Amino acid sequence: MASRGRAKLYCFFVITVRGNYRVSLANLQEALSERVRVAAQEAFGVAPEKLASEIPPKTEMGDLAFPVAFELAKLIKQTTGEKRPPRAIAEQLKTALETVPQVARVEVAGAGYLNIYFDRASVLAALAASEEAGTASLSSEPDARPKRMVEHTSINPNKASHIGHVRNAVLGDTFVRILRAAGEQVEIQNYIDNTGVQVADVVVGFMHLEHLTLEDIRALDRSLPADKPFDYYCWDLYTRVGLFYRNDDPNGEMNPERLKLRVETLHALEEGTGEIAELAEYVATRNVECILDTMERLGIRYDVLPRESEILHLHFWDKAFERMKAKGVIHFQDAGRNKGCWVMPFETHTGTDEHEADKIIVRSNGTVTYTGKDIAYQLWKLGLLGLDFNYRLFRSYPDQHTTWMTTVEPQADDGSQAARPHFGGGAVVYNVIDTRQSYPQEIVRRGVALLAPEVGEEASVHLAYEMVALSPAACDELGIQLTDEDRARPYIEMSGRKGLGVKADDLINRLEMNALKEVETRHPEVSAEERALTAHQIAVGALRYFLLKFTRNTVIAFDFKEALSFEGETGPYCQYAAVRANSIFRKLDEAARASAAEFIGAQDKAEVTGVLAGEGGDEVWSLAVLSGRLDEAVAQSAAQAEPALLAKYTFNLARAFNLFYHRHRIIAEENAARRAVLVTVADIARRQLTRALATLGIEVPERM
RNA sequence: GCGCCUGUAGCUCAGUGGAUAGAGCGCCUGUCUCCGGAACAGGAGGUCGCAAGUUCGAUCCUUGCCAGGCGCACCA
């Protein structure tokens, strides 16, 4: 389901890479692919539509391989009936590639692989040169490409965020960074469901369990300690409300009398006026602030916070409803189980006695479901609704970034309004939402496509990911009692209602404390502020990498030992490689750097070629080419909407650098040509590693 | 019942219609005349859930079966 529209996306990114002024191996690779296609067409009259290329498993087998001969053999047989051995076909194509200046030689290997060996010295010079140019001109070009929208985080504003929410936010934020690195224009939205059941429940808690007025709540909020702020308080209160509805028995039945309070409150929230609504507004807004504070710790920010209350009060839903009725997308049921409801038919799900096939959009009491509101919101995101929100400045950051929140008040605009970006109207919308919501997301996508066939289903992408659950060991550590049945399971689902989960700030605090301990023993000489900053950067690196190394469709069974680790395949491992690389350049004198540049850029490449062909040359070279594949990794990660690909690439680059670092003494190298190569490769690697980490939202500390 | 996802080393996970299926952790053995050991190297460890099919070639595609997870609300 999440794969919908991927084929199209891929095309975008090919263009992206091609249109990129930065020289990278991707360009060379593409040029070679084209060459092979043309050669095949000339020699055999046929060519595969899309030419696959791969990276050989070992450096000795070359830098790029085309398994094209196998496919050509098939095509030739199909068109002419002639049988040709793949190896012979490969031999014929070989000559066409040998004339490319950056290709040193071509070999036919195995059953018919075409293995390309780059001219190491000239490719290294190109990589070094593009490094210089790349950093200067990055993001300086105005971009006319259509805007992409990414919605992520979207936590119910009724409690503190937990590790599952953080997976969503980190995934979404990283995907945004990846799109931007690929040259896309992106708008970040964080949807605030401020009129839903979850907020209503906490309001019930404040009003009916604690008997507090809005003024009381404000006073309470002010009195809370910094390490247990408002969202923590709500976390516990929310759990208590859950128990209250069940007459204080966690496994008990819901008490219908007590549930009336929820319904009452919910109606008041939807109405949007009166004391209850005012109280809810305070609760929701304070929770949004707390959640944004937590996300800020992880380097995650938003452009706009659209609220459900505005979807309702600015009549987004009414307009969408009219359109759906007019287009016949939904039907009124005057009989049967769904009597009195407006439903959207859904024929791919077959109905049974227990499960209805159609999806209810408007309930028999006239209220709209979440799915209905989401269709209206999605239409707005795509610029198809013909209505807009009003906005107020919610937060501004020292670096000029601003975050806006929707509001009903048109006059909320103040002097700074001039600087407000235009929101909405994207060409493609990515919704980062838990895989469990695949079904409602599918309805939204289809509803939108039916209303706007011109954009179709491809404009809506559900960026689905699996949940974060708790490992049995983590439950033990949290003091959660498990039944024998639960203990036998691979993981235990978290539950906001039961207050069962690892709070984001608690985990970040623990990571920072652990990192600080390490930094203190290693660097007692630096200031306390710098140690704290470093510890923070390490903590963020550890957490973000931990959440990104799993592919989206893998359930993360959260384990403290794994999440708190700084060794092996972790963020800090990658950061450490970059820190080591930087320390080389801190100690390297100007003369050595100038001399390196001169050697690498020289017309006569004989000496550099000699070094790269000599002892240990393969290893040095493989670090250089791997560094040169960052753009490819980013493009692939964007096309597949899979940040884990970039995480793996980054780790492999760090690993390759650590090996290189271990094997070669760079500053002390006495042979000038050799030192020039080592310095240049180390420089390319550290910059690419830093760039890769930045795309994952991970900073490189000064020292660690 | 129907739909979607998953099954790969002791554990946690990558991976691809093609070259010897990889990494981290754990275990064992090594590496420091060093720009930082949060590191590096080596070793042990695999019927890629089972079975059939398609293919020159399947861990990958198809089908069936087994096992696990998620969903199929007038919740979101």
Side-chain angles (χ1 to χ4, degrees), chain A residues 1-2 52 54 56-58 61 65 67 70-71 73-74 86 109-113 115 154 156 193 196-198 308 337-343 346 348-357 359-371 373-374 433-440 442 464 466-467 469 471 489-491 493 515 518-519 522-523 538 542 549-551 553-557 559 561-562 565-570 572-573 575-577 579-588 644-645 647-648 651-652 655 658-659 661-669 678 682 703-704:
Chain A
M1 206 171 278
E54 48 191 65
K58 295 202 167 185
M61 295 166 139
F70 304 105
E71 208 178 336
K74 207 179 288 181
Y113 280 95
N115 287 351
S154 305
N156 272 301
D193 182 2
V197 176
Q198 294 213 25
E308 186 168 83
R337 193 210 307 250
N338 293 336
K339 187 175 174 190
C341 297
W342 286 87
V343 306
F346 205 71
T348 58
H349 286 248
T350 44
T352 62
D353 290 348
E354 278 177 73
H355 304 296
E356 194 58 50
K359 173 67 194 169
I360 290 165
I361 303 296
V362 180
R363 303 182 187 105
S364 54
N365 67 4
T367 58
V368 56
T369 59
Y370 157 85
T371 311
K373 283 178 272 195
D374 214 21
I433 305 177
D434 192 328
T435 185
R436 286 173 292 187
Q437 292 192 42
S438 293
Y439 171 64
E442 196 179 340
E466 273 289 356
M467 64 178 158
S471 68
R489 299 162 74 90
Y491 49 81
E493 195 173 344
E518 290 292 323
V519 176
R522 288 158 203 247
H523 299 287
I538 293 169
K549 73 174 178 181
F550 299 94
T551 51
N553 58 10
T554 299
V555 175
I556 300 180
D559 183 82
K561 192 168 160 282
E562 265 183 76
S565 171
F566 297 152
E567 288 168 17
E569 194 194 339
T570 64
Y573 173 94
Q575 290 172 308
Y576 183 63
V579 168
R580 286 170 126 185
N582 285 335
S583 77
I584 296 170
F585 287 87
R586 251 202 306 271
K587 289 177 183 160
L588 203 64
L645 289 177
K648 290 284 173 198
F651 171 66
N652 283 326
R655 218 156 50 95
N658 273 337
L659 175 59
Y661 180 90
H662 190 257
R663 293 269 169 87
H664 305 280
R665 297 280 80 84
I666 295 155
I667 297 174
E669 175 59 50
L678 294 176
R703 45 176 75 76
M704 62 186 282

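For the numbers below, each heavy atom of this structure counts, side chains included, while hydrogens, waters and symmetry mates do not. Numbered from 1 within each chain, the chains take letters A, B, ... in sequence-line order. Given the structure is predicted, the values throughout are model-derived calculations rather than measurements.
For A:T551 and B:A14, the shortest distance from a side-chain N or O to OP1 or OP2 is below 4.0 Å. Under 4.0 angstrom from either OP1 or OP2 of B:U6 there lies at least one side-chain N or O belonging to A:N553. Considering only side-chain N and O atoms, A:R522 lies under 4.0 angstrom from the phosphate OP1 or OP2 of B:A38.
B:A19 and B:A58 are spaced 11 Å apart, taking the P atom of each and rounding to whole Å. Spacing of P atoms, B:A21 relative to B:G46, comes out at 13 Å, to the nearest Å. Straight-line distance between the P atoms of B:C5 and B:U63: roughly 11 Å, to the nearest whole Å. Atom C1' of B:A41 sits at a distance of 44 Å from the matching atom of B:C4, rounded to the whole Å. Taking atom P in both B:C61 and B:G7, the straight-line distance is 10 Å, to the nearest Å. If you take atom P in B:U47 and the same atom in B:A51, they sit 12 Å apart, rounded to whole Å. The gap from the C1' atom of B:G22 to that of B:A9 amounts to 10 Å, rounded to the nearest Å. Here, B:C72 and B:A38 have their P atoms 49 Å apart, quoted to the whole Å.
In this structure, A:F70 has its ring center closer than 6.0 angstrom to the ring center of A:Y113. Separation of the A:Y573 and A:F651 ring centroids falls under the 6.0 Å cut-off.
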* Under the 3.5 Å Watson-Crick or G-U criterion, the dot-bracket string of RNA chain B, with | for inter-strand pairs -> (((((((..((((....[...)))).(((((.......))))).....(((((..]....))))))))))))....
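Using a 4.0 Å heavy-atom cutoff across all strands shown, A:S364 reaches at least one base atom of the nucleic acid. Within 4.0 Å of A:K339, counting heavy atoms only, lies at least one base atom of the nucleic acid. Using a 4.0 Å heavy-atom criterion, one finds that A:P67 contacts no nucleic acid atom at all. At a threshold of 4.0 angstrom between heavy atoms, the contacts of A:L659 are confined to the sugar-phosphate backbone, with no base atom among them. Heavy atoms of A:D193 sit under 4.0 angstrom from primed sugar atoms or phosphate atoms, though from no base atom. Looking at heavy-atom distances under 4.0 Å, A:R436 makes contact with sugar-phosphate atoms alone, never a base. Counting non-hydrogen atoms under 4.0 angstrom, A:F585 reaches nothing in the nucleic acid. Looking at heavy-atom distances under 4.0 Å, A:V362 makes no contact with the nucleic acid at all. Among the protein residues, A:Q437 comes within range of the nucleic acid bases, having at least one heavy atom under 4.0 Å from a base atom.
Evaluation of atom-type donor-acceptor distances gives a pair under 3.5 Å for the side chain of A:N115 against the base of B:A19. On a pure distance criterion of 3.5 Å, no polar donor-acceptor pair joins the side chain of A:R655 and the base of B:A23. Evaluation of atom-type donor-acceptor distances gives no pair under 3.5 Å for the side chain of A:H662 against the base of B:G36.
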* To do: Show your reasoning for whether side chain to side chain contact (heavy atoms under 4.5 Å, CB included) applies to A:I360 and A:N338.
  => CA-CA 8 Å; A:I360 290 165; A:N338 293 336; 3.4 Å; yes
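Stacking of A:F651 onto the six-membered ring of B:A23 is not present when judged by under 5.5 angstrom between centres and under 30° between planes.
For the pair A:Y439 OH and B:G3 P, the interatomic distance rounds to 14 Å; values are reported in whole Å. Atom OH in A:Y573 sits about 21 Å away from atom P in B:C13, given to the nearest Å. A straight line from CE of A:M467 to P of B:C70 spans 5 Å, rounded to a whole angstrom. Atom CZ in A:R489 sits roughly 8 Å away from atom C1' in B:G69 (whole-Å rounding). Between the NZ atom of A:K359 and the P atom of B:C74 there is a distance of 6 Å, rounded to whole Å. In this structure, OH of A:Y370 is placed 14 Å from C1' of B:A73, rounded to the nearest angstrom. As rounded to whole Å, 16 Å separates atom C1' of B:A39 from atom CZ of A:F566.
Annotation for A:P86 and A:A73: closest pair CG-CB, 4.3 Å, computed over non-hydrogen atoms.
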* What does nucleotides 25-30 of chain B look like as a protein-contact string, B for base, S for sugar-phosphate only, - for none, at under 4.0 angstrom between heavy atoms? -> S-----
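Under the rule for a side chain to side chain donor-acceptor pair (under 3.5 Å), the partners of A:T554 that lie at least two apart in sequence or sit in another chain are A:T551.
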